[in-house]
Every structure is written in C-alpha cells, then in structure tokens.
Peer 1: 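Provided herewith is a single structure, encoded as structure tokens, for subsequent inquiry.
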Amino acid sequence: MNRYFNTEGSCRPKEHYMVNLGSRLQEIRTYYINRGKYFVINRGRQYGKTTTLQLLANDLKPDYLVIAMDFQEIGSADFQDEASFSIVFAKIFLRACQQMRPNDYETLARPVSDFLLEKERHTLQELFTRLSVVCKDSPQPAVLIIDEVDNAGNHQVFLDFLALLRTYYLDRENKPTFQSVVLAGVYDIKNLKRKIRPDSEHQYNSPWNIAADFDIPMGFTAKQIQDMLLEYEADSRTGMDTAAVAEEIWQYTSGYPYLVSALCKLLDEKIARTTDPKHAWTAHGIAEAVKLLLSKSRPLFESMIKQLTEYPEMKHMLHLILFEGKQVNYNPYHPIVNLASMFGYIINKNNSIQITNRIFELCLYRLFLSEEELSNAIYNEAQGNRNQFTEGGRLNMDLVLERFAVCFHDIYGDNSEPFVEQYGRKFFLLFLTPIINGSGNYYIEAQTRDARRTDVIVDYLGERFVVEMKIWHGNEYHERGEAQLAGYLSYYHLTKGYLVSFNFNKNKQTGVRKIQIHGKEITEATI
C-alpha cells in the first residue's frame, strides 16, 4: 500500500509519511524510562502525543513489560467510586497484558484476573496490591503508559489513584511497583483543576508532585520535515526543492505536528492534483494549502475557539498581543499565561509571549475580525467596493492604501490618539480582509510586531506584498522605519513596499506619496 500523509489519529511508519521519531524515543528511554522516572507529557491537541506513546511502547517491549492504556475507554460512570474504577482499570490492564506470551500471561496476569472475581475486594488499595505482585513477578521491569488522562482529571477517584501511585513510588524498595509511569494529555496533571461537587469551588489539587519535568521537544524542526519530504519525493518525484519547501512549511507551522501533516496532505491530495506537482510544492502552493486549511472547520481550531470562549481573559490577552503589539512577559506562574501555554497557543520567546505559530495567528485574526465584520463601517466600505482593487487577477495595493486612508479619515478621523493606537491596525486588516478573501492570505511578522510597528505580509495569487503599519513617533523614528522596510523588502527579494503611518502631528500632510530609499520604492499612506 502506498504511504500517505495522515491527519486522522496516530501515524504508523509503514502506512504514513511521517517525521522519524527515533532520536526522540531514544531520549525518552535514556533520560526517563531507564532512570525510573514518573512523568507527564502534556502538549496541545493533535501534537503527536498518541503517536509518540505508541512508538515508545513498541520500542520498549524487548526490554520492558509495557502496559499501554487509553483512558478514553473509561466512561464517566466508571469514575463514580473505587469499585467501578478499579474494575474497569483491571479489565483494560488485562487487555494490555495480552501482548505477553501465553504462559507469561497466565502467570503474571493472574493476580489481576483473580481480583475481578473477588467482588467484595474491589478497592483501589486491593488493586494496587495485585499490581504490585505483577511488577514483582515480572522478569522485566514494568512500564505503565496511560494516554488521554484528561478524561479522568475531574474525578476524586483518579486523584486517589495518583496518590497510591505516589505512595508505591516513594516506597518502591518495599512495595514493588512500576519502573516508570508515563501519563499523557493536554492538561498538566500536576495542576489538576477539579470540581468534585456542583456547589464547591474549583481547586487545584494533585498528589502528582513526584513527576519529573518532561522537556524533550515534541515539535518538528525544518530538517526533520525535509527528511520526511525526501522520502515522499523518492516515491513521487515532483522535482521540489525539499529544503526550501520544508523551511516554508516550518515558517507557517513552527513544527506543530498536526499542522505540518495537514499542509503536506493538502499539497499532495489537493493542490498537486490541480496543477503541476512541481509548482504545487512551492511557497505559492503552500500559501494555497494554508488558505484551504483555514477555509474549513477543523477540530484543532474548534477547540481553540471553545477555549477562548471559556477563558475570556486568555482571549483578551491574545487580542492585546495581536492588535496592539503589547509585550506581555512570559510568567509561567500567571494562571492565564500557564493555561495558554498548556493549550499550546503561546510560547516563551526571549521571556515574552509569542503566538505559537503563524497558522494559529491567522486563525485568531480571522476569529477576532469576524466578530466585528458585520457591524464595522470600514469593513462594509471595502466589502461594497472590493472589485475595484483587482485588475487582470492582480491586486492593486496602491489603491488599497489610498482608499483605506480616505475611508479611515472620513469615519474615524476625529478620534483620539489612544483610540487609533488601539484599533488602527485592526481597521486596516478589516479593510483588507474582504478585498483578498478567497484569493489571498495575510500574516503578521511576529518579530516586527510591537507597540510601534507591525509588518503585514500579503500573498495574493502568487504575488507578495509587504505592508508596514506604524504609529508616528517623530521624524527620526519614521526615517529609521522606512530604512527598515527597505531592508525587509531585500529579504523578500522585492523592489516595492507599502507603509501605513498613523500620524498625530498637527502639521502632518495626509494622503499617499511615493518615496525612493536604498533602491526600493515605497508607497506611503499617512493618516
């Protein structure tokens, strides 16, 4: 069977094109399993946790008794009391033990199978007594792997289960137990938020303070993506530049596993089927794949929107970062920062918060802007006249800036400086969105986004535009910004750029002008 890019469920090397995780598995084995660590792999949704656990289990089996479980098999009713949880845990444990040879299974699994027959002894304490016997009698060290532990996080019986794991871990010399325990989920089990009764307050409480910090990177590097593409290229022979394509995919995804696979899948199964495959696997093809990715509802994006709705403070923080260029310190002890990091929406970049990847930024911009589109006058103005901005399939960005300057002045010209600083960039994006919708994308360069300056990169039918938006802070700063834009154009191999300057100087000259600097032509709209 031909391999393909997979975005549904876990990936298998024989069936799917995937990044080689051999080095990652070796690190986990060396620094965690072999050293008898109990640890938690908590990462955002669709971050490759299940794939990693399944490959890890297979990698460990020659040397360990591996018990791999999935708590998605356990329903809410099974967490109601000790007896229910102990019974279902024992049943799943026995199924996981069936990897053993028949004679070994008969011997080692008997303590747990006998436990199921003794109805009067269905307690967690008794369950752990039987698990201890299994670990003691096993000729190989036992490793317990549990995926999707989020399902258990809101139940007291699971906290009691963790407490017993901790007790046996601390007294392992007298109570034989698992060599290593691996738990995986989105939420950090060390900081479970539980609400046991409807009328009780939420509390952070977990007996899992024995867990070692798991700091092995789970994302993909551009080199790892390239190695995967080399395998694909050996089969498909598209003629792509694998290094350049891998770098471009990484620039959009920052190595987020699902997003990498999703873009590759769209390039292979959608873009390459409607054009020359060599042309599909290019920067332009990747931009088209991004557009397709964002054009449909995806579980990952649905989950993001759900979390932002549930945690409005997190939504407000991300809004400030994206639209006002606010620099927010990365403080892992701040509950909202910790939460956004745990969900995988932000990363620590030089002690400041940065959105994890460009695609998440695009998703967030679309969400925030869509909440205002129908009621925003400047959006409606662009929407009603969108056809005038394109000619012969090309976007007239000069006209976009000219009309935006006029519309913004007419609608918002009397507003105060703080108002413009807060909303100016948002209004430009609201103006731009209906013009390029369906045919183009835009994204914000994170390294230039701050309270004074933001660069918007627009891709429209294979043509790229760099638009700098900045707040006026004097002539010296303004001239320096123009020089920076010229340098940025060189980076993109462009000869023309665009500048939107929000100027509060009473003697300013509004309108659009063209300037030449360092061999580059810049169209500047002063508002």
Side-chain angles (χ1 to χ4, degrees), residues 318-328 361 364-365 368-369 372-373 375-382 385 389 396-436 442-458 465-489 496-515 517 520-527:
L318 297 178
H319 189 279
L320 289 176
I321 293 170
L322 291 177
F323 287 109
E324 297 183 39
K326 186 173 181 60
Q327 296 290 322
V328 179
E361 282 200 2
L364 290 168
Y365 275 117
F368 292 141
L369 294 176
E372 300 189 33
E373 285 175 357
S375 60
N376 187 274
I378 205 163
Y379 175 89
N380 293 332
E381 177 69 23
N385 299 282
F389 298 104
N396 187 340
M397 186 60 77
D398 289 77
L399 185 58
V400 172
L401 263 63
E402 180 182 325
R403 290 301 303 158
F404 172 71
V406 172
C407 292
F408 188 90
H409 183 269
D410 290 346
I411 299 172
Y412 306 110
D414 295 330
N415 283 279
S416 66
E417 180 174 343
F419 173 87
V420 176
E421 289 185 338
Q422 182 176 2
Y423 296 110
R425 291 162 178 152
K426 177 188 287 187
F427 289 154
F428 177 75
L429 295 176
L430 278 167
F431 189 81
L432 179 67
T433 297
I435 296 172
I436 67 171
Y442 67 83
Y443 60 87
I444 311 299
E445 275 297 347
Q447 62 264 34
T448 67
R449 183 184 56 236
D450 56 31
R452 295 183 172 188
R453 177 184 176 208
T454 296
D455 286 322
V456 182
I457 314 300
V458 181
F465 305 87
V466 176
V467 184
E468 180 181 325
M469 293 181 289
K470 69 183 187 64
I471 307 296
W472 176 270
H473 288 280
N475 283 323
E476 182 179 350
Y477 173 79
H478 182 72
E479 291 172 359
R480 188 165 65 249
E482 292 173 341
Q484 288 175 330
L485 176 57
Y488 208 51
L489 293 173
K496 188 172 182 179
Y498 303 86
L499 178 62
V500 178
S501 179
F502 296 99
N503 190 336
F504 305 102
N505 190 325
K506 292 182 179 180
N507 299 321
K508 67 183 177 183
Q509 291 184 344
T510 60
V512 176
R513 65 176 183 138
K514 296 183 185 296
I515 61 174
I517 182 168
K520 309 294 183 183
E521 179 183 304
I522 296 177
T523 299
E524 178 180 4
T526 301
I527 301 172

Peer 1: What's the spacing between Ile527 CD1 and Met469 CE if we round to 0.5 Å?
Peer 2: 10.0 Å
Peer 1: Do Tyr488 and Ile457 come close enough that some side-chain heavy atom pair is under 4.5 Å?
Peer 2: yes
Peer 1: How far apart are the closest heavy atoms of Gly497 and Leu489, and which atoms are they?
Peer 2: N-CD1, 3.5 Å
Peer 1: Which residues pass the side-chain hydrogen bond (donor to acceptor under 3.5 Å, both in side chains) test with Thr523, sequence neighbours left out?
Peer 2: Asp398, Lys514
Peer 1: Between Leu369 and Lys426, is there a side-chain heavy-atom distance shorter than 4.5 Å?
Peer 2: yes
Peer 1: Got Val456 and Tyr498 here, is their nearest side-chain heavy-atom distance under 4.5 Å?
Peer 2: no
Peer 1: Holding to salt bridge (charged side-chain N to carboxylate O under 4.0 Å, His left out), I want the full list of residues that pass it with Lys520, two or more places apart in sequence or in another chain.
Peer 2: none
Peer 1: Indicate yes or no for a side-chain donor-acceptor contact from Tyr365 to the backbone of Leu322 under 3.5 Å, with no hydrogens or angles considered.
Peer 2: yes
Peer 1: For Phe404, which residues count as a ring-ring contact (aromatic ring centres under 6.0 Å, His included) partner, sequence neighbours excluded?
Peer 2: Phe408, Phe428, Phe431
Peer 1: Decide yes or no for Leu485 and Ile522: does some side-chain heavy atom of the first lie under 4.5 Å from some side-chain heavy atom of the second?
Peer 2: yes
Peer 1: Looking at residues at least two apart in the chain, or sitting in another chain, which of them share a side-chain contact (heavy atoms from CB on, under 4.5 Å) with Ile411?
Peer 2: Ala377, Ile378
Peer 1: A side-chain contact here means heavy atoms from C-beta on lying under 4.5 Å apart; do Glu482 and Ile515 qualify?
Peer 2: yes
Peer 1: Could you report the tightest heavy-atom contact between Thr433 and Glu373, atom names first, then the distance?
Peer 2: CG2-OE2, 3.9 Å
Peer 1: If the condition is side-chain hydrogen bond (donor to acceptor under 3.5 Å, both in side chains), which residues does Asp410 pass it with, not counting sequence neighbours?
Peer 2: none
Peer 1: Nearest 0.5 angstrom please: Glu372 CD to Tyr379 OH, how far?
Peer 2: 12.0 Å
Peer 1: Using 0.5 Å steps for rounding, measure from the NZ atom of Lys470 to the CG atom of Asp455.
Peer 2: 11.5 Å
Peer 1: Listed by chain and number, what are the ring-ring contact (aromatic ring centres under 6.0 Å, His included) partners of Phe465, not counting sequence neighbours?
Peer 2: none
Peer 1: Could you measure the distance from the CE atom of Met397 to the CG atom of Leu432? Nearest 0.5 Å is fine.
Peer 2: 5.5 Å
Peer 1: To the nearest 0.5 Å, what is the distance between CG on Leu401 and CG on Leu499?
Peer 2: 8.0 Å
Peer 1: Output the distance between atom CZ (Phe368) and atom NE2 (His319), rounded to the nearest 0.5 Å.
Peer 2: 6.0 Å
